[in-house]
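See below for the structure under consideration.
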Amino acid sequence: MKHFEANFDGLVGPTHNYAGLSFGNVASLNNAALVSNPKAAAKQGLQKAKALADLGMIQGMLAPQERPDLNTLRRIGFSGSDAQVLQQVAKTAPALLNACCSASSMWTANAATVSPSADTRDGKLHFTPANLVDKLHRSIEPITTGRILTATFNDPHYFHHHNHLPEHNSFGDEGAANHTRLCQEYGHAGVELFVYGQEATNPHAPKPLKYPARQTLEASMAIARLHQLEEDNCVFIQQNPDVIDQGVFHNDVIAVGNQNVLFYHEQAFLNTQAKLDEIKRKLDTELYFIEVPTAKVAINDAVKSYLFNTQIITLPSGEMAIIAPTDCQENPAVYAYLNELLTLNTPIKQVLYFDVKQSMQNGGGPACLRLRVAMNEREVAAVNQHTLLNDALFARLNAWVDKHYRDRLSTQDLADPQLVIESRTALDELTQIMKLGSVYPFQR
Ligand SMILES: N=C(N)NCCC[C@H](NC(=O)CCC(=O)O)C(=O)O
């Protein structure tokens, strides 16, 4: 049976804006108060996704969330009509309004952790939505994320959906951004790498001093148990706390893997050699560990350019390509490194650059925008086919964006009651286009 790795990209929602919500994420803080362009953001994402589909990859789209999140605003005591709720919160607690308006669900690498059926004891594909407890604006995502995932992967015979982990810092979970799977072929059992920032229950373990570690070992281990993984198929690796303090808020800002390739920065992990040895012991295949030295790419350059927030994909020809943001071309050290990489003896043979600047300015590169789901052909056939990107869906979604999205949005605009109406009208139509049913609070 054939097997593939599909990418499910987050469709950028109509309220995409820059509110400086993510302490520890340098781009988010630096670009706070920029005026955004939601229409351009959605189109940049769609272009990147369509280019992968055109390369012969299986490419899906995940719907955005309902924002402004009036349910959360009411839950914390704002009342009256929608317009009154917005007016009160804008006047008395604008930071809470910003948190309830972010389009952050676009970064679907944080939507969930996914374990393919080749790795799990019950032979099903497992999904656990990330609880994202470290950031208020992201902690309100998991319930709707779970509904969208269930509507997308909607056949219980193949797909097992778990609840998100308990909503406490001990179980801080950021999903696939801290999870990579190495394997020989997508359909063979692989080794799942869980990278965590700190051990919540061990006060003596290393942890960052300045910025938060968003993923805990306890959360990663809970996911491995829920997904019915064997100990021999898991490696738990601690992220280097020093790089978290330099803005590496998720592992996918410093490392990325695909099949038998692990591409990472020299300073990415703690106990690197021991962990690479463990991977070699647990995965019996030829492995390429591509380590980028600080002498060639400094951490600062990696964080600015998102060299490691690239997607490494296996093309239908069997060769691998890197999907990189144009920011990598604009950084001389990183561009030189990527050109050199193509001359090395690794499976990576091309680099393709995409402009995803609207997302990058909030700290989200190409890899943040996608959730990887390795599937066999039966599982692909069991996916909700209206979520898979082809020429028709691409044209339809672009027309939908043109009809409903604004081309400028500032945080001052978030209290505009018209934005609620625009956003709900757009999402209601989207659930019909993608045949998702009633996934949004306003539809229930
Ligand atoms: N690396 C991965 N996988 N994802 C990137 C997520 C970026 C996101 N930015 C934000 O949420 C910024 C929103 C704002 O400031 O308006 C975050 O920090 O969680």
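Computed from a predicted model, the values in this text were never measured in an experiment. For the single chain, residues carry numbers from 1 onward in sequence order. One-based numbering, in listed order, for ligands and for the atoms of each.
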Answer yes or no: does an N/O atom from [X] fall short of 3.5 Å to an N/O atom of ligand 1?
| X | answer |
| --- | --- |
| Ala19 | yes |
| Tyr306 | no |
| Leu21 | yes |
| Asp252 | yes |
| Trp107 | no |

What is the closest protein heavy atom to [atom], and at what distance does it sit?
| atom | result |
| --- | --- |
| atom 17 (C) of ligand 1 | Ser22 OG, 3.4 Å |
| atom 12 (C) of ligand 1 | Asn362 OD1, 3.5 Å |
| atom 11 (O) of ligand 1 | His137 NE2, 2.7 Å |

Determine whether the side chain, the backbone, both or neither of [X] has a heavy atom under 4.0 Å from any heavy atom of ligand 1.
| X | value |
| --- | --- |
| Glu174 | neither |
| Asn17 | backbone |
| Cys368 | both |

Test item, Lys135 contacting ligand 1 (heavy atom, 4.0 angstrom):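 False for this residue.
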Under 4.0 angstrom from ligand 1, any heavy atom of Asn98?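 Contact check Asn98 vs ligand 1: negative.
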Using the ring of each side chain (for Trp, its six-membered ring), is His227 parallel, tilted or perpendicular to His162, with breaks at 30° and 60°?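 If you compare the ring of His227 with that of His162, the planes turn out parallel.
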Is there side-chain contact between Glu291 and His265, with heavy atoms separated by less than 4.5 Å?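 No - every pair of side-chain heavy atoms lies 4.5 Å or more apart.
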Quick test of your reading of the model: are Lys304 and Asp327 salt-bridged, counting only N-O distances below 4.0 Å?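 Looking at Asp327 together with Lys304, the answer is no, because their closest N to O distance does not fall below 4.0 Å.
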Got a donor-acceptor contact below 3.5 angstrom from the Asn233 side chain to the Gly190 backbone?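 Side chain of Asn233 to backbone of Gly190, a donor-acceptor pair under 3.5 Å: yes, one is there.
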